[in-house]
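Remarks on the structure that follows.
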Protein chains: 2
Amino acid sequence: MTSPSRSFPPRPVSKISQSDIAAACGVSEMTVSRVLRGQRGVSGDIAARVRNTARSLGYVPNRIAGALAGARVPLVAVIVPGMSNMVFPEVLMGLNAGLEGSDLQAVLGFGKYDTATEAQVLAELLAWRPSAVVLTGLEHDDTTRAMLARADIPVVEIMDSDGTGIDGVVGVSQHGVGVAMARAMIAAGHRNAVLLRSAQQGDRRQDSRFRGFEETLRAAGVPVLGSLSYNGASSVPKGRALAATALSHWPEVDFLYCTNDMIAAGALFALQAAGRKVPEETGLAGFSGLEFLDGITPRIATTDTRRFDIGRSAARMILSRLAGAPRGAREEITPRLDRGQTLRG
Amino acid sequence: MTSPSRSFPPRPVSKISQSDIAAACGVSEMTVSRVLRGQRGVSGDIAARVRNTARSLGYVPNRIAGALAGARVPLVAVIVPGMSNMVFPEVLMGLNAGLEGSDLQAVLGFGKYDTATEAQVLAELLAWRPSAVVLTGLEHDDTTRAMLARADIPVVEIMDSDGTGIDGVVGVSQHGVGVAMARAMIAAGHRNAVLLRSAQQGDRRQDSRFRGFEETLRAAGVPVLGSLSYNGASSVPKGRALAATALSHWPEVDFLYCTNDMIAAGALFALQAAGRKVPEETGLAGFSGLEFLDGITPRIATTDTRRFDIGRSAARMILSRLAGAPRGAREEITPRLDRGQTLRG
DNA sequence: ACATCCCATGTTATCGTTATCACACCGGCA
DNA sequence: TGCCGGTGTGATAACGATAACATGGGATGT
């Protein structure tokens, strides 16, 4: 909206339009439009002729004109925080898979873990009058909510299902993930847990996960020893360093609950380097179910949040909303707790 | 183009348009349009009034109408094969970073490693009359080329720079990557190489990489012993299995050149499991520079193709083309060969 | 044979914005 | 005084497609 100096060459001209086809075939534009959209009520003879002409002329439909004329805009605005790990790429693959077969196209924006940026990006995307919106998480700007209310289109919030959404919600209960892992840990006989967490501001999902974990442990009378956090992006070396610190700080620790699998992998290496038997002396668990962990021995316990399925469900929810289903659908994706080989027993 | 049953609710109505703002301010639509686009030639008084009214009414511009009326479409069509590993997410992050500051927005499509699908997706995206196109690789359908020729907009082909492109090209020489790794291997004293490769049909980039590798070894009088391939997506376990097979098949092997780091990680585990000292007895190398490898010891030799930089350069190339630079720019991104700790010496 | 209905096709208006040209109005200069 | 150039603002016509309605003619029914 604020480009001071736009010195761009004129738009490419001399495009083929439906009227060119109409002229070439000796029919009206309307007939061409009908054929190209696969509407019935056009004689097979003319339809074939129109299709051939369109192909031979290299006609590319102009969605812009179509959309303005009142046709639905086959776009879904998708805002994810970023793509620095495999989480959102997988969600997007699922979304795409779920959209396959419909003519809907995802348009991507990055919210950068910041609700103000998200609002800005949303405004940008809404300018295209998409048919639906997919947002990440349940926390949003007031501006965002207001825009969505005015837009009055299906909205699906993904990833997190702890709380109430604007419209549809597809996600896992992060709180539940923490609770389940705490129970698994206790059942396996571990007692002294330390959390390795990201210092990322406002990572609500991490927060509720750890809250569920801590509450459950406290209720069972085995509160966590403490937690350490790191700044910036996750990486294996960071996990390693963090775990090493944890070991020296709380020698009695016998379980490391890591905020993701990357950190957990590093923690595993640190435990091995420190000569701690895993899981006999010290167990650990991560979060996410990133594929690359498949190859590490022992296999790290984790919670797979089925990101592909989340994306696909979101897509399906959008399709059914557009087909007339009521607002406010919720779908809980049941995370899969994988005990791996880093929990005792 | 062929949705048999479209029963969608009518488009959301009651939107605020420029004419509402015009009416509220007592000026013409044209004046509103000028203000909102930041054109000069409107008195500051009116401009401020218009902007305030727009804000308070919750006006969201309609790019569709604007685009149809002749304004540039601030969209860049981007087609990547998929997102099953971190390669393309990183490219996209770079692209996004490079586009930041301009008003250009990337719209993503998946080509699925198939030129026919690519052509289809391209048609879909061109229907939105984007201002530029980014494609992956240099190999494309005739349909694709024809469409691009007609569209007459900047095109940038990324990743691969072995060959001639349609317009701009940003990438690394895969052939050069193979050559460099072969030289490094020879210099390190390895002699009996085996290739671990994906059976993915038509992966031109892998092919030229390995070709460069093989040619260089042959010229040096130490041809590769052989190669093994796997089907489907890469994973650490597959690398492990493949490497195990290689060890039993060619016991004299002393170097495994893997098509990517995931496979290389698996191969490393296989070597360790077989009791082979790395790199003394057997060295290995991967390809890509995926971040998660940072934590594995020994650090695996690899070639970092600087995917983020590729994306960013592509973005910059597009911006300069749109600003008037001539067609056919080329930018060679120099890959970074990381010897890690799995090459002797 | 005549009214009726349906099917294939055409006509007209419209979507919201921007390009283009036209028009006042103002100050300066000869 | 009259002409000129600039500067704000408005009127009008696209842009390319689709919705909604109109039309003509053949098949159908009685």
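Small disclaimer: the values here were computed from a predicted structure and weren't measured.
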| query | Within this structure, what is the CD1-to-P distance between Ile16(A) and dG16(D), rounded to whole angstrom? | reply | 11 Å
| So do the side chains of Asn96(A) and Met83(B) get within less than 4.5 Å of each other, counting heavy atoms only? | no
| In terms of side-chain heavy atoms of Ser33(B), which of dT9(D), dT18(C), dA17(D) is nearest? | dT18(C)
| request: Considering just the side-chain nitrogens and oxygens of Arg37(B), establish if one lies under 4.0 Å of OP1 or OP2 belonging to dT18(C). | output: yes
| Interatomic distance where CD1 belongs to Ile64(A) and C1' belongs to dA14(D) [whole Å] | 15 Å
| query | Counting distance only, does the side-chain N/O of Asp20(A) pair as donor-acceptor with the main-chain N or O of Ser17(A) below 3.5 Å? | reply | yes
| said: From C-beta outward on Gln39(B), which listed nucleotide comes closest to its side chain: dA19(C), dG16(D), dG10(C)? | reply: dA19(C)
| query | OP1 or OP2 of dT17(C) less than 4.0 angstrom from a side-chain nitrogen or oxygen of Tyr59(B), does that happen here? | reply | yes
| said: Under 4.0 Å between a side-chain nitrogen and a carboxylate oxygen: does that hold for Arg72(A) and Asp103(A)? | reply: yes
| message | Using whole Å, what does the distance between atom C1' of nucleotide dC6(C) and atom CZ of Arg40(A) come to? | response | 12 Å
| query | If you measure from the Lys or Arg side-chain nitrogens to the Asp or Glu carboxylate oxygens, is any gap between Lys112(A) and Glu100(B) under 4.0 Å? | reply | yes
| Once you round it to whole Å, what is the distance between P of dG10(C) and CZ of Arg34(A)? | 8 Å
| task | Name the closest nucleotide to the Ala65(B) side chain, picking from dG10(C), dG16(C), dT20(C). | result | dG16(C)
| request: To the nearest Å, give me how far apart CE (Met30(B)) and C1' (dG10(D)) are. | output: 10 Å
| task | Please report, rounded to the nearest Å, how far the C1' atom of dT17(C) is from the CZ atom of Arg72(B). | result | 16 Å
| field | Nearest-0.5 Å distance that lies between atom CG in Leu322(B) and atom OG in Ser131(B) | value | 6.0 Å
| said: I need the CG-C1' distance between Leu68(A) and dA13(C), as an integer number of Å. | reply: 13 Å
| note | Of the listed dG8(D), dT9(C), dG16(C), the closest approach to the Ser43(B) side chain comes from dG8(D)
| Nearest-angstrom distance from the residue atom CD of Glu29(A) to P of dT14(C) | 17 Å
| Candidates dA20(D), dC15(D), dA17(D) - which lies nearest the side chain of Ser17(A) | dA17(D)
| Sugar-phosphate, base or nothing in reach of Gly66(B), heavy atoms under 4.0 Å | sugar-phosphate
| From dT18(D), dT9(C), dA19(C), nucleotide with atom closest to Thr31(A) side chain | dT9(C)
